[in-house]
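These notes concern the structure reproduced below.
Computed from a predicted structure; not experimentally measured.
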Amino acid sequence: MTRRISLVLGGGGLKGFAHIGVLRALAEKNIVPDVYAGTSIGALIAAAYLSGTPVETLAERAEALRRKELFRLNHFGMLLDRMRAPSIYLEEPLRELVAGSITEKTFVDLPKPLLVNAVDIDRGARVVWGLPGLQDVPVRDAVYASCALPGFFPPGRVGDRTCIDGGVVDNLPVSIAAHFADMIIAVDVGSSDASQKEAASGQGFATIYMRAATMMMHALQQFPLERWHGPPMVLVRPRLNDANWLSFTDTASTIAQGYKAAIRALERFDSYWDRSGCVFPRRRVQIDVEADKCTGCGTCVALAPAVMGLDASGKAFPRTKIVEWSPADGGFVHECPTTAITATNVDRRDSQTAPAVEESRDPTPSGG
């Protein structure tokens, strides 16, 4: 019996170039997905790869891409139409990028199944192009629509539907991909680093909007990940700064981070089969609470009652000192309003080749 692998590439602006590093890692390990699924830039890279573009060519094109080739302000639209302008950036540059990366084919013409997640803006419902009955449309049109982040780019017409970025409802479409897989490899670049050192308020509309989008996408996708009941999933979360949403200067580093995270997450890949309902890799994590910082607000208990409790003095405490977490676990750590909770990757701390201690408020203390 052939066991099928679905590769799911999430949205995340230019942070999505990390997907190229993941594809490189998969090739090195001879892991060949049977189904590809993606949202936004994840859909673009998956479609370009299935169109026959080698990984190294994808990397070269990504590193050569410049802001003026993608983001051109819609000056006339904003001046003449004002609030009725469909977007702040013009449609044509993104269309040209998609056309230059993807062959002019419908979904049935691709060598392997591709699922492109988008949202029908008129019906207010998700539509996954490439599913049965939704295949006889140009792949380019579906990918453009999946990349059309509201406010940034105009909606796209796909068949008889007007669609926008699928990330507004599902930035990592693992539930759909699960129907076609015995194993899922999911790459989440949309919520890789929820905290920032520099205040967003002084960085302009685009940064504030993308920060808000990051938080929304993370919250939306955490629910199915934390309650996963599908086939075994390898969750890859590269460590990327949210400033990379719109950055053209760190592309090589972003690709390298994707490769590094995938290699680490896939170390024990063959042992994950037939373990439904589990998210991998799993790491031992030590939870600590600084009593002096804890105000007893109870946020951690409300979000993770099985893990956290309040003692007789009203201070938070971990019900189990050391827990086994996947990259999907531990989101409540970041939600502590006083940063009183820390999560230390015990496996990495105890490794002779790793740093002595790694403490993090990141929702993925396992290093995913």
Side-chain angles (χ1 to χ4, degrees), residues 10 171-172 174-175 178 184 186 188 190-195 214-239 261 264-265 267-268 271-272 275-351 354-368:
N171 200 45
L172 193 68
V174 290
S175 297
I184 290 178
D188 171 24
S191 58
S192 52
D193 189 356
S195 60
T214 296
M215 291 183 282
M216 176 192 71
M217 292 173 183
H218 176 70
L220 284 172
Q221 67 192 42
Q222 274 301 105
F223 184 85
L225 292 177
E226 292 175 353
R227 297 159 179 80
W228 185 247
H229 298 294
M233 180 195 305
V234 180
L235 181 57
V236 182
R237 273 183 169 162
R239 292 194 176 278
R264 186 167 59 240
E267 284 177 353
R268 301 179 60 192
S271 68
Y272 300 152
R275 299 178 68 179
S276 296
C278 291
V279 180
F280 300 98
R282 306 191 73 80
R283 301 286 188 264
R284 293 181 304 138
V285 175
Q286 178 176 312
I287 306 171
D288 293 289
V289 178
E290 292 185 57
D292 291 342
K293 284 187 176 182
C294 178
T295 64
C297 69
T299 299
C300 60
V301 180
L303 295 175
V307 181
M308 303 297 294
L310 293 177
D311 63 20
S313 65
K315 299 289 186 176
F317 71 94
R319 297 185 184 279
T320 303
K321 187 73 171 179
I322 296 180
V323 295
E324 186 182 79
W325 274 353
S326 80
D329 297 314
F332 69 89
V333 175
H334 173 71
E335 298 294 337
C336 177
T338 61
T339 70
I341 306 173
T342 57
T344 305
N345 186 330
V346 177
D347 289 338
R348 185 173 298 174
R349 183 188 66 189
D350 294 345
S351 171
V357 176
E358 176 177 330
E359 290 188 349
S360 174
R361 293 181 64 248
D362 190 292
T364 59
S366 67

Item checked: side-chain contact (heavy atoms from CB on, under 4.5 Å) between Ser175 and Trp228, intermediate numbers included -> CA-CA 9 Å; Ser175 297; Trp228 185 247; 4.2 Å; yes
Nearest 0.5 Å please: distance from the [atom1] atom of [X] over to the [atom2] atom of [Y].
X      : Y      : atom1 : atom2 : answer
Asn345 : Gln286 : CG    : CD    : 11.0 Å
Arg283 : Arg264 : CZ    : CZ    : 7.5 Å
His229 : Ser276 : NE2   : OG    : 11.5 Å

Next item on the list: Kindly state each residue pair satisfying ring pair (Phe, Tyr, Trp, His ring centres under 6.0 Å) with at least one member in residues 279-310, sequence neighbours excluded.
Entry: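 The answer is Tyr272-Phe280.
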Check: Applying ring pair (Phe, Tyr, Trp, His ring centres under 6.0 Å), which residue pairs with at least one partner in residues 300-319 are found, sequence neighbours left out?
Finding: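 Qualifying pairs, neighbours excluded: none.
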Does any non-hydrogen side-chain atom of [Y] lie less than 4.5 Å from one of [X]?
X      : Y      : result
Phe332 : Met308 : yes
Leu235 : Leu172 : yes
Pro281 : Pro327 : yes

Checklist line | Under 3.5 Å: donor-acceptor pair, side chain of Asp347, backbone of Arg284 | finding: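 Present.
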Check: Are the side chain of Thr344 and the backbone of Val346 linked by a donor-acceptor contact shorter than 3.5 Å?
Finding: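 Side chain of Thr344 to backbone of Val346: no pair is present.
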Checklist line | Set of residues satisfying side-chain contact (heavy atoms from CB on, under 4.5 Å) with respect to Thr320, sequence neighbours excluded | finding: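 side-chain contact (heavy atoms from CB on, under 4.5 Å) list for Thr320, sorted by chain: Val323.
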Checklist line | Partners meeting side-chain hydrogen bond (donor to acceptor under 3.5 Å, both in side chains) with Glu226 (sequence neighbours left out) | finding: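 Glu226 satisfies side-chain hydrogen bond (donor to acceptor under 3.5 Å, both in side chains) with Gln222 only.
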Check: How would you list, by chain and number, every residue that makes a side-chain hydrogen bond (donor to acceptor under 3.5 Å, both in side chains) with Glu290, sequence neighbours excluded?
Finding: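 Partners of Glu290 by the side-chain hydrogen bond (donor to acceptor under 3.5 Å, both in side chains) criterion come out as none, since no residue qualifies.
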For [X] and [Y], which heavy atoms make the closest approach, and how far apart are they?
X      : Y      : answer
Pro231 : Ala178 : CD-CB, 3.7 Å
Ala343 : Val285 : CB-CG1, 3.6 Å
Pro318 : Val289 : CD-CG2, 4.1 Å

Checklist line | Pairs where residues 312-324 contributes a residue and the test salt bridge (Lys or Arg N to Asp or Glu O under 4.0 Å) is met, not counting sequence neighbours | finding: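 Found Arg282-Glu324, Asp288-Lys321.
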Checklist line | Test side-chain contact (heavy atoms from CB on, under 4.5 Å) applied to Ile184 and Val234, step by step | finding: CA-CA 6 Å; Ile184 290 178; Val234 180; over 6 Å; no
Determine all donor-acceptor pairs shorter than 3.5 Å in which one atom belongs to a side chain in residues 297-307; sequence neighbours excluded.
none

Next item on the list: May I ask you to say whether Arg237 pairs ionically with Asp188, meaning some side-chain N is under 4.0 Å from a carboxylate O?
Entry: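 Salt bridge flag = yes for Asp188 with Arg237.
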